[in-house]
Amino acid sequence: MPRLQHVARHLIFAALLLGLAAPALAQSGRMAGRVVDGETGDPIVGAQITIQKPGDDTREALTDDDGRFSLIGFSSGQWQVYVRAEGYQDDLGNVNVTQSTSPAVDFRLNRVRHALVQALGEDAMEGLDPDEIEAELEAADAAFNAEDWDGAIAGYTSLMEKLPQLTNLYSQIGQAYRARGDYQQALEAFEARLAVEPDNQNVSADIARTKLAMGDFSAQEELTAAASGLDASREDLYNLGELEFAQGAVDAAAGWYEKAAMVDPNWALPVFKLALVALNKGDFEGAKEHFRRVVELDPNSEEGTQASATLAALP
């Protein structure tokens, strides 16, 4: 009898050991796969693999020289696999892990395309370094903003030679030429863009502005049509007021000056001209109100100085 009790105790102890070991045996699910370039099929080395399951631990791995990864110790069920690699778009997949044989988990990652490549296409950018092109564009923009018109024109022209698809640069070149006073070359640049984009109203307005700067007042009607739109600039509105004022149409001039002041309430110049219109019409109280506003907005400007002097002289 004691001998039987001794055997029974050993059997019970063995059963307990098997019971404790069961969870470890249940976590033997394996996951393996490969990560390659989506276009070339070449292995991606060092891609980060992050494997997650709600309520379970997160596992991580890196792909080897052949783009492969392998991990073991997964519970059965659906696991999410996140794949990240520098220069590629992230990818995500779901894997059903079992305790027997799980299918290979392979990923084909797409390269991250530079914005210029996305916009212009692979063919247009063939043989060009998009980062270098972007740097050249930033340099040309910096020259333009610094009013280095020669530098801006040279930069934009060089870019146009490499990428004629960048037709918007015609406008940048035209504006730089106009600011430099080379109106004919400015017109040629604007007209080159208009030939490609015949319905572009902004370019038509730029052509009208340039003609007006050249003294061609026949373009007034074109600019008036452009300025009647929602995108009219304060300069367009002000310049139309100047044209009307020069022709003695003070009421029409006042209308354009008011619109310019509405677009930019902190711009003293159209307010000063509204004061002159009021003086021209004999409205001294209205003139004084506008002159005071000019002094508030820009007391140290030429217009502010004139407004202060005129206020002192008015009754």
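Nothing fancy with the numbering, it's 1 onward along the sequence.
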In terms of hydrophobic clustering (I, L, V, M, F, W, Y; side-chain heavy atoms under 4.5 Å; direct or indirect links), are [X] and [Y] co-clustered?
{"X": "Phe272", "Y": "Tyr257", "value": "no"}
{"X": "Trp256", "Y": "Leu279", "value": "no"}
{"X": "Val271", "Y": "Phe284", "value": "yes"}
{"X": "Val81", "Y": "Tyr88", "value": "yes"}
{"X": "Val295", "Y": "Leu269", "value": "no"}

If only atom types and distance count, is the side chain of [X] paired as donor or acceptor with the main-chain N or O of [Y] below 3.5 Å?
{"X": "Trp267", "Y": "Val263", "result": "no"}
{"X": "Ser158", "Y": "Ala154", "result": "no"}
{"X": "Thr50", "Y": "Glu60", "result": "no"}
{"X": "Lys53", "Y": "Thr58", "result": "no"}
{"X": "Asn145", "Y": "Asp141", "result": "yes"}
{"X": "Asp64", "Y": "Gly67", "result": "yes"}

Which heavy atom of [X] sits nearest a heavy atom of [Y], and at what distance?
{"X": "Phe69", "Y": "Arg34", "result": "CE2-N, 3.8 Å"}
{"X": "Ala275", "Y": "His290", "result": "CB-CB, 3.5 Å"}
{"X": "Gly93", "Y": "Phe107", "result": "N-CE2, 4.0 Å"}
{"X": "Ala287", "Y": "Ala278", "result": "N-CB, 3.5 Å"}
{"X": "Ala186", "Y": "Gly174", "result": "CB-O, 3.3 Å"}
{"X": "Gly38", "Y": "Asn110", "result": "CA-OD1, 4.4 Å"}

Taking C-beta and beyond as the side chain, do [X] and [Y] meet within less than 4.5 Å on heavy atoms?
{"X": "Val250", "Y": "Phe245", "result": "yes"}
{"X": "Asp42", "Y": "Val36", "result": "no"}
{"X": "Phe190", "Y": "Gln175", "result": "yes"}
{"X": "Ile153", "Y": "Phe144", "result": "no"}
{"X": "Val35", "Y": "Pro43", "result": "no"}
{"X": "Leu297", "Y": "Asn266", "result": "yes"}
{"X": "Asn168", "Y": "Leu166", "result": "yes"}
{"X": "Arg209", "Y": "Asn239", "result": "no"}

Answer yes or no: are there more than 12 heavy-atom neighbours, outside Gln78 itself, under 6.0 Å from its atom CD?
yes
How long is the straight-line distance from [atom2] of [Y] back to [atom1] of [X], given to the nearest 0.5 Å?
{"X": "Asp206", "Y": "Lys211", "atom1": "CG", "atom2": "NZ", "answer": "12.5 Å"}
{"X": "Glu39", "Y": "Arg111", "atom1": "CD", "atom2": "CZ", "answer": "7.5 Å"}
{"X": "Gln184", "Y": "Arg178", "atom1": "CD", "atom2": "CZ", "answer": "13.5 Å"}
{"X": "Ile49", "Y": "Arg84", "atom1": "CD1", "atom2": "CZ", "answer": "10.0 Å"}
{"X": "Phe291", "Y": "Leu276", "atom1": "CZ", "atom2": "CG", "answer": "5.0 Å"}
{"X": "Asp182", "Y": "Leu187", "atom1": "CG", "atom2": "CG", "answer": "11.5 Å"}

Do any side-chain atoms of residues 306-315 form donor-acceptor pairs under 3.5 angstrom with protein atoms, and if so which ones, sequence neighbours left out?
{"residue": "Gln306", "atom": "NE2", "partner": "Glu302", "partner atom": "OE2", "Å": "3.2"}
{"residue": "Ser308", "atom": "OG", "partner": "Gly304", "partner atom": "O", "Å": "3.1"}
{"residue": "Thr310", "atom": "OG1", "partner": "Gln306", "partner atom": "O", "Å": "2.7"}

Under a 4.0 Å threshold between the charged nitrogen and the carboxylate oxygen, would [Y] count as salt-bridged to [X]?
{"X": "Lys273", "Y": "Glu242", "result": "yes"}
{"X": "Arg234", "Y": "Asp264", "result": "yes"}
{"X": "Asp283", "Y": "Lys281", "result": "no"}

Please report the C-alpha distance between Arg108 and Asp37 in whole Å, then the side-chain angles of each, then the deciding distance to 0.1 Å, and finally whether the salt bridge (charged side-chain N to carboxylate O under 4.0 Å, His left out) criterion is met.
CA-CA 6 Å; Arg108 300 181 70 88; Asp37 186 295; over 6 Å; no
Looking only at side chains, do [X] and [Y] share a donor and an acceptor under 3.5 Å apart?
{"X": "Arg30", "Y": "Ser70", "answer": "yes"}
{"X": "Gln80", "Y": "Tyr82", "answer": "yes"}
{"X": "Lys259", "Y": "Tyr238", "answer": "no"}

Salt bridge (charged side-chain N to carboxylate O under 4.0 Å, His left out) for Lys288 and Glu285? Distances and angles first, verdict last.
CA-CA 5 Å; Lys288 286 193 285 187; Glu285 290 304 315; 3.2 Å; yes
Residue list, side-chain contact (heavy atoms from CB on, under 4.5 Å) with Glu197, at least two apart or on another chain
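side-chain contact (heavy atoms from CB on, under 4.5 Å) list for Glu197, sorted by chain: Thr167, Arg193, Asn200.
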Show, in sequence, the C-alpha distance, side-chain angles and deciding distance for Phe74 and Trp79, and conclude whether the ring pair (Phe, Tyr, Trp, His ring centres under 6.0 Å) test is met.
CA-CA 9 Å; Phe74 295 96; Trp79 289 76; 4.9 Å; yes
List the steps, then state whether side chain to side chain contact (heavy atoms under 4.5 Å, CB included) holds for Asp90 with Val83.
CA-CA 6 Å; Asp90 295 349; Val83 184; over 6 Å; no
Residue pair Ser204, Leu194: steps toward the side chain to side chain contact (heavy atoms under 4.5 Å, CB included) verdict:
CA-CA 7 Å; Ser204 297; Leu194 195 64; 3.8 Å; yes
